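One structure is given here, and the rest of the page talks about it.
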Protein chains: 2
Amino acid sequence: MALIVQKYGGTSVGNPERIRNCARRILETQRAGHQVVAVVSAMSGVTDNLIRLAKEVSLEQDPSEREMDVLLSTGEQTTIALTAMAINALGGKAVSLTGAQAGISTDRMHTKARIVNITPDAVHKMLDEGNIVMLAGFQGETASGEITTLGRGGSDLTAIAMAAAIKADLCQIYTDVDGVYTCDPRVVKCATKIEEISYDEMLEMASSGSKVMQSRSVEFAKKFGVRFEVRSSLNNNPGTLVKEETPGMESVVVRGVSLERNQAKITIDDVPDRPGISSVIFGAIAGANIMIDMIVQNVSFDGETDISFTLSAADLPKAEKALREILSTLGDKVTLRTESGVAKLSVVGIGMRSHSGVAAKMFKALADVSVNILMISTSEIKTAVIVQEADIENASRAVHTAFGLDAA
Amino acid sequence: MALIVQKYGGTSVGNPERIRNCARRILETQRAGHQVVAVVSAMSGVTDNLIRLAKEVSLEQDPSEREMDVLLSTGEQTTIALTAMAINALGGKAVSLTGAQAGISTDRMHTKARIVNITPDAVHKMLDEGNIVMLAGFQGETASGEITTLGRGGSDLTAIAMAAAIKADLCQIYTDVDGVYTCDPRVVKCATKIEEISYDEMLEMASSGSKVMQSRSVEFAKKFGVRFEVRSSLNNNPGTLVKEETPGMESVVVRGVSLERNQAKITIDDVPDRPGISSVIFGAIAGANIMIDMIVQNVSFDGETDISFTLSAADLPKAEKALREILSTLGDKVTLRTESGVAKLSVVGIGMRSHSGVAAKMFKALADVSVNILMISTSEIKTAVIVQEADIENASRAVHTAFGLDAA
């Protein structure tokens, strides 16, 4: 008998029929001889509808975050009750628990709270009585009893944190894809499902555009050593196991290829090469609440340098405005160039640590299909380039083939 | 400064615009210098929608009552958050509390729990900090932390019970009618709004077809001496104050006239007049889970008697079936007669205790308009008759006039 935590996303519980399907899968897991805690999200569309209502009653002002949490947490509460009913109707025995009832304690950062502690007594008690526990994802409670929510990807986090707290043998994240792929199969037809991936690779893939899971949940899993499997709720295929590194993993140089569209590039030319300049530039960007991605600074020439960085194309106007305001303080000759319509291509793999020539191989593959590289950035287990968005699909296919990732 | 509890029903918070209207009214009450706790129901339609979902996932089986409570309580939780947001958007300061957060403890009778205790510390704290408290109606929590709901009329009960617990100066029940009327204004055009009514009169009116409030909430108010006002959320007219009896109240003989349609009458003829017979008959009815209303037994003649009683017409087939099964055990000659298409007309007033001739006056008024009386039943403060349903409107108008209730 194993203790298994499963998580079903909003699409998997999007209507009564799908809820019944999930109920069937959960019950089958229990009937195979296991104890099951199943975490569910709000039914797809429900959260958006609640947000729309909140905007309407608030006359487009930002509603209080405390009240947003009271409101949004009803979405998951609805799903746990309905799924428990569906399991009971199939002859199973299920009880639902809200985040608060399940002992999930968070800090007071409404709408993006962090889990500080889990006291899973109620979960253990319900399991011991032979129940399937339906647990509301995405929510918790502060020490003073206020309802909180965990922000984007919160239900994944609930599943992984609860798996850690109850020392589950397995944590399964059910989603609408079969697992993590070597590249987006819509772009690279011969992409294959990855059987095993390390936490660090998964993190790099997530931050490079492979949006299977939020980084936060993967980081939590890494920190507490929770192995989890990403798999589809639509079939019974095995998914991708995300786990600690094992020696064998390094034999694969590149685990996967990520692509991220809708990027933009900003270059500041002829910046005086003196201490503190970067801090002025990126302070202005941070002050405008903009996330940036790659930063590249070229070598100094005649006491001047060029700084380039990338960001989401949606943030470009805001960033340009913030920079224009401080540009004159940087120096007389400083100029600003922006370019949208670019995309990022990354190859990720812990094998890079022990294999040389990854970058060279990647650049040659791109050159062979005449893709021009606009920027380069590397980390220990990732090599990323910026290319024209028009080139990204060709580039992805070429790199995928070059690293031997194409399906046999 | 007064401490005021207000309650808004599902129609009053039925859409974002109406929620904003309630928010405005609540905020005006606070700005007039008062402390306000506002109890709200689920937005109209929401509860029905949740019940439909529950049926769908349960494949038409009865869902677990524990899970129904988890599900249905989300309706009120949604409304408290939205109303608090609406108040905040208007420049006010509001916080929402679920039943559990507000310290409403109930027994474990899911879907029809009783309030056993209220610990209003959180409510007092929020009020002391200058907040309007938006309190979820209809729900509470058991000692072991399970979510419960209070059954029909539960939000009224929440308001009245919280008013008692925090020793509110006033409890206002906002609804879609202007108050309690001397008769249904759709039937008696010249019916007038009653300014003050005693708890007992309100209870008799409620149990006689005037469905402004469930009896349970009125009984609770009577037990704890909570005065409350039934008034409209659509205008600023004063409503009806429901309160303890005062000496002056007895000067009005009849406070109001109630009518209840869709009744049925069952008569069992030639029943042997011996002990235990009634218990067999009404035991069978109770066993079929049927509520009965008036019971009349005629005088015995030759050792045999007739027993008649009334019930909702919808329950007639079930009642007839239950009685046919035990009929032969009652005696050889016993026969059963049923009659649907009848209605009940009641006059209610604590003045009846000290005024004679109420029944005679009522019967004369009915005779004058040629309405035949099928059954009569009286209590200390009520006289009720059964008439043909076709006669009920004429009968109501005649009696309303006879007791001087018509608007001047």
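These numbers come from a predicted model, not from an experiment. Order of the sequence lines sets the chain letters (A, B, ...), proteins ahead of strands, with each chain counted from 1.
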Side chain to side chain contact (heavy atoms under 4.5 Å, CB included) involving Ala122(A) - partner list, sequence neighbours excluded |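 Partners of Ala122(A) by the side chain to side chain contact (heavy atoms under 4.5 Å, CB included) criterion, ordered by chain and then number, come out as Leu97(A).
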Short of 3.5 Å, which donor-acceptor contacts do chain A and chain B share? List atoms and distances.
| unit_1 | atom_1 | unit_2 | atom_2 | d |
| --- | --- | --- | --- | --- |
| Arg20(A) | NH1 | Glu56(B) | O | 3.0 |
| Glu56(A) | O | Arg20(B) | NH1 | 2.9 |
| Gln61(A) | NE2 | Ala89(B) | O | 3.0 |
| Arg66(A) | NH1 | Ser96(B) | O | 3.0 |
| Arg66(A) | NH1 | Ser96(B) | OG | 3.4 |
| Arg66(A) | NH2 | Ser96(B) | O | 3.0 |
| Glu67(A) | OE1 | Ser96(B) | OG | 2.5 |
| Glu67(A) | OE2 | Ser96(B) | N | 3.0 |
| Val70(A) | O | Gln77(B) | NE2 | 3.0 |
| Ser73(A) | OG | Gln77(B) | NE2 | 3.1 |
| Gln77(A) | NE2 | Val70(B) | O | 3.0 |
| Gln77(A) | NE2 | Ser73(B) | OG | 3.1 |
| Ala89(A) | O | Gln61(B) | NE2 | 3.0 |
| Ser96(A) | N | Glu67(B) | OE2 | 3.0 |
| Ser96(A) | O | Arg66(B) | NH1 | 3.0 |
| Ser96(A) | O | Arg66(B) | NH2 | 3.0 |
| Ser96(A) | OG | Arg66(B) | NH1 | 3.4 |
| Ser96(A) | OG | Glu67(B) | OE1 | 2.5 |
| Gln101(A) | NE2 | Gly145(B) | O | 2.9 |
| Gly145(A) | O | Gln101(B) | NE2 | 2.9 |

Closest non-hydrogen atom pair between Pro16(A) and Leu53(B), with its separation |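 Closest approach of Pro16(A) to Leu53(B), heavy atoms only: CG-CD2, 3.6 Å.
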Please state whether the side chain, the backbone, both or neither of Met68(A) comes within less than 4.5 Å of a heavy atom of chain B.
->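 Looking at Met68(A), backbone and side chain both touch chain B.
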By a 4.5 Å heavy-atom criterion (distance strictly below it), what part of Leu71(A) contacts chain B: side chain, backbone, both, or neither?
->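 Both backbone and side chain.
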Selection from Ile147(A), Leu50(A), Leu90(A) maximising heavy-atom pairs under 4.5 Å formed with chain B =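 Winner by heavy-atom pair count: Ile147(A).
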